[in-house]
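Remarks on the structure that follows.
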Amino acid sequence: MLDSTVTSRTQAVLDQLNTALEQDDVAAAAGLFATDSYWRDLVAVSWNLKTVEGPAGVADMLDRQLARTRPGNFQIQPGEIPAEEGGVITAWITFETAAGRGWGLIRLKEDRIWTLLTALQELKGFEESRGKRRPMGAEHGAKKNRTTWKERRETEAASLGYDTQPYTVIVGGGQGGIALGARLRQLGVPTIVLDKHDRPGDQWRSRYKSLCLHDPIWYDHLPYIKFPDNWPVFTPKDKVGDWLEMYTKVMELNYWTRSTVERASFDEASGTWTVEVDRDGEKVVLHPTQLVLATGMSGKPNMPKFPGMESFKGTIQHSSQHKGPDEWTGRKVVVIGSNNSAHDICAALWEADADVTMVQRSSTHIVRSDSLMEIGLGALYSEEAVANGVTTEKADMIFASLPYKIMHEFQIPLYDKMRERDAEFYAGLEKAGFQLDWGDDGSGLFMKYLRRGSGYYIDVGASQLIIDGEIKLVSGQVDHFEADAVVLADGTRLPADLVVLATGFGSMNGWAADLISQEVADKVGKVWGLGSATTKDPGPWEGEQRNMWKPTQAPNLWFHGGNLHQSRHYSLYLALQLKARMEGLDTPVYGLQEVHHLS
């Protein structure tokens, strides 16, 4: 190749891809991918969240989807220049499909595609009213019997769910339901968000008082409205709650507080749901076409049953029920668990002069907050990243562009560096008897989160209390309760006035069982996990989060949630899938999630 510049080499590959796709030459398109390669598609080609591997995987997806979704017009994104480092060319790209437009990221090795991310961004003819398409708002001129914005909003709020039916109902009004509700609002999808609390944000306000975001602010923006530049790096829970309440109002969501779903059922003949709601004492029956469970991957408490619990004279609480340390000053508290909530609760109890003991039942991964921010997140989510032109949107796409199959390979060196940097800290924890791990393969926190959603703590101070013996630590399994104590399997007796079960949360399909039926929950299978064959994430390999943000085996039933980053990023792709179905667009799903039940 005479012209060997990085840009021309990149565009040459894209031109070959465009030609192959235009000519329906699946073999030629697949041949542009390296032997070890990955195409991660977010709704654009697959109408799914799907990663295919190698030329054979690419060929299979294109064989099934090319004629109907018509991907093409791959170009280097205007204003972006491809870069080459370590023999890998990285380039921002744009593309089109029959239904929409998207952008993504491509990586080339030896002028063959190594990784390709394609993410749908908008539907043709159904674009969001933003930028040059933003609404005028004020209606200039004179008009008799004009209605104001306030009157129109009041009419809509009074009518939706009664005189008119929503297309989508979202069960759960935390950050996930709110983010998705905002996306659907901008796409013109009539939606009601249902939540049991008194006010938006109460999901956060009601938790233990020391709770705060352990992720830095650059990682936690919601769609459309970013946190102000003077917002704290780590947001206290009540401040998060206030932000969510403000956001819900400003984004004009139809948000029903004090509303509990009593039952839901799907009529395959009509293709609609019947959702029976107790709305602040009023019985309301909704008939949406789509039902989204946004009840949170940390929403269904795991409540273990130990012998003797019924005879315990003190108080037993799940961590989600624990309000804070104030009433436990000078009293004995046992916290069963050793992940984020357990550490936070123990530290707050210590601050309130409680006598607190942590029971560690299995090893836990710990990473110091400052090390995680600097080494783990700094390149993508930090003030420095913003200064370097890495917007939140770009950071999300860079992170999304790393296929889950090889993501651990990028994470391991980062956590090796943290382990070396904080060696003295970890030595102190081990000396105190704390059982540490770094994930099955040393890949640390992010992979643990993606694989199992548990098993870690971001240290913001509790670890030093354990090192210093201020928080007592014992290891072992709970055998039984007595009237005034927890007894471990080795006979250790822990007197207690309060026992906090920081024992985590179950799969989101437990909510499907409660609200719909066990049959439907079984039809869906497990929600969350990649199938990595690591602890608490058994195979088979799925390559995406099971049943999250994508079609499930249960018609018109969707799951949405995750941390603030995932709620922000993946709400777009779920919203586009729902909008496309509302408008009757062709949405052929490739690689529908298989049912999996192991946990």
Side-chain angles (χ1 to χ4, degrees), residues 208 214 297-298 300-312 314-322 332-350 354-367 426 428-440 444-445 447-449 451-459 462-463 465-467 469-482 484-507 510 528-529 534-538 598-599:
Y208 55 90
H214 287 195
M297 62 162 292
S298 297
K300 184 76 174 171
N302 281 331
M303 290 290 288
K305 300 295 184 183
F306 298 111
M309 290 178 78
E310 68 283 351
S311 64
F312 182 66
T315 301
I316 300 174
Q317 300 173 334
H318 187 266
S319 60
S320 60
Q321 302 166 324
H322 181 67
K332 294 184 181 297
V333 182
V334 172
V335 177
I336 298 173
S338 55
N339 295 336
N340 260 336
S341 293
H343 280 82
D344 284 349
I345 290 169
C346 283
L349 286 162
W350 175 84
D355 180 345
V356 59
T357 300
M358 176 187 290
V359 178
Q360 185 177 29
R361 300 187 298 166
S362 60
S363 63
T364 305
H365 171 57
I366 292 184
V367 58
Y426 292 114
L429 277 171
E430 290 179 330
K431 185 178 179 181
F434 197 90
Q435 302 172 50
L436 292 166
D437 74 59
W438 293 80
D440 289 14
L445 186 146
M447 296 312 301
K448 264 203 164 187
Y449 174 72
R451 290 165 173 170
R452 54 183 278 193
S454 65
Y456 51 83
Y457 167 57
I458 301 174
D459 178 45
S463 289
L465 295 175
I466 293 173
I467 291 171
E470 299 292 334
I471 294 173
K472 299 171 187 176
L473 175 69
V474 296
S475 297
Q477 302 302 315
V478 175
D479 185 77
H480 66 277
F481 278 58
E482 294 180 353
D484 61 349
V486 176
V487 182
L488 304 186
D490 65 359
T492 300
R493 191 173 185 278
L494 304 173
D497 300 300
L498 167 68
V499 177
V500 179
L501 301 173
T503 46
F505 299 85
S507 173
W528 205 262
T534 58
T535 302
K536 296 190 177 182
D537 184 32
L598 295 176
S599 59

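Keep in mind it's a predicted model, so treat the numbers as computed, not measured.
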Q.
Looking at every heavy atom in both G433 and Q360, which two are closest together, and how far apart are they?
A. O-OE1, 4.3 Å
Q) Mind checking whether T503 and R361 have side chains closer than 4.5 Å, heavy atoms only? A) yes
Q | Euclidean distance, Y449 OH relative to S454 OG, rounded to 0.5 Å | A | 11.0 Å
Q) Taking N339 for the side chain and A502 for the main chain, is one N or O donor matched with an acceptor at less than 3.5 Å? A) no
Q. Shortest non-hydrogen contact from I471 to C346?
A. CD1-CB, 3.6 Å
Q: If the plane angle is over 60° it's perpendicular, under 30° parallel, otherwise tilted; pick one for F312 and F481.
A: perpendicular
Q) If you take all heavy atoms of S363 and D437, which pair is closest and at what distance? A) OG-OD2, 2.6 Å
(Q) Within the 4.5 Å heavy-atom criterion, are L501 and Q321 side-chain neighbours or not? (A) no
**Q.** Closest heavy-atom pair and its distance - R493, A485
**A.** CZ-CB, 3.6 Å
Q.
Check whether K448 reaches the backbone of G455 with its side chain - one donor and one acceptor, N or O, closer than 3.5 Å.
A. yes
Q.
Nearest 0.5 angstrom please: T357 OG1 to I336 CD1, how far?
A. 11.0 Å
Q | Rounded distance (nearest 0.5 Å) linking atom CD1 of I316 with atom NE2 of H322 | A | 14.5 Å
Q: State, yes or no, whether a side-chain contact exists between H214 and D344 at a heavy-atom distance under 4.5 Å.
A: yes
Q.
Let's go through T534 and M447 carefully: what are the C-alpha distance in whole Å and the side-chain angles of both, what is the deciding distance for side chain to side chain contact (heavy atoms under 4.5 Å, CB included) to 0.1 Å, and is it a yes or a no?
A. CA-CA 10 Å; T534 58; M447 296 312 301; over 6 Å; no
Q: Flag the pair D484 / K332 as yes when at least one side-chain heavy-atom distance between them is below 4.5 Å, and no otherwise.
A: no
Q) Yes or no on side chain to side chain contact (heavy atoms under 4.5 Å, CB included) for W528 and D537, after CA distance, side-chain angles and deciding distance? A) CA-CA 9 Å; W528 205 262; D537 184 32; over 6 Å; no
Q. Is it true that a side-chain atom of H480 and a backbone atom of P307 form a donor plus acceptor pair closer than 3.5 Å?
A. no
**Q.** S475 backbone acceptor or donor facing Q435 side chain under 3.5 Å
**A.** no
**Q.** Reported CG-to-CG distance for the pair D459 and N340, which is rounded to 0.5 angstrom
**A.** 10.0 Å
Q. Do you know which two heavy atoms are closest between V334 and A496, and how far apart they sit?
A. CG2-CB, 3.8 Å
Q) Is the gap between the ring centers of Y456 and H343 under 6.0 Å? A) no
Q) Should W438 and Y426 count as side-chain neighbours, where that means a heavy-atom distance under 4.5 Å? A) yes
Q) When rounded to the nearest 0.5 angstrom, what is the spacing between CG in L494 and CE in M358? A) 13.0 Å
Q) Between S463 and F434, is a side chain to side chain contact (heavy atoms under 4.5 Å, CB included) present by the stated rule, with each step listed? A) CA-CA 9 Å; S463 289; F434 197 90; over 6 Å; no
Q: Might you point out which heavy atoms bring S338 and S362 nearest each other, and give the distance in Å?
A: OG-O, 3.7 Å
Q: Determine whether I467 and L429 make a side-chain contact, defined as any pair of heavy atoms from C-beta on separated by less than 4.5 Å.
A: yes
Q. Any donor and acceptor pair, going by atom type alone, linking the side chain of S341 with main-chain N or O of S319 inside 3.5 Å?
A. no
**Q.** Side chains of V486 and V359 in contact at under 4.5 Å (non-hydrogen atoms)
**A.** no
Q | Check ion pair R451-D440 (N to O, under 4.0 angstrom) | A | no
(Q) Using the rule given for side chain to side chain contact (heavy atoms under 4.5 Å, CB included), can you reason through V478 versus L488, listing the C-alpha separation, both sets of side-chain angles and the distance that settles it, and then say yes or no? (A) CA-CA 4 Å; V478 175; L488 304 186; 4.1 Å; yes
Q: Please tell me if the side chains of M309 and V499 come closer than 4.5 Å, counting only heavy atoms from C-beta onward.
A: no
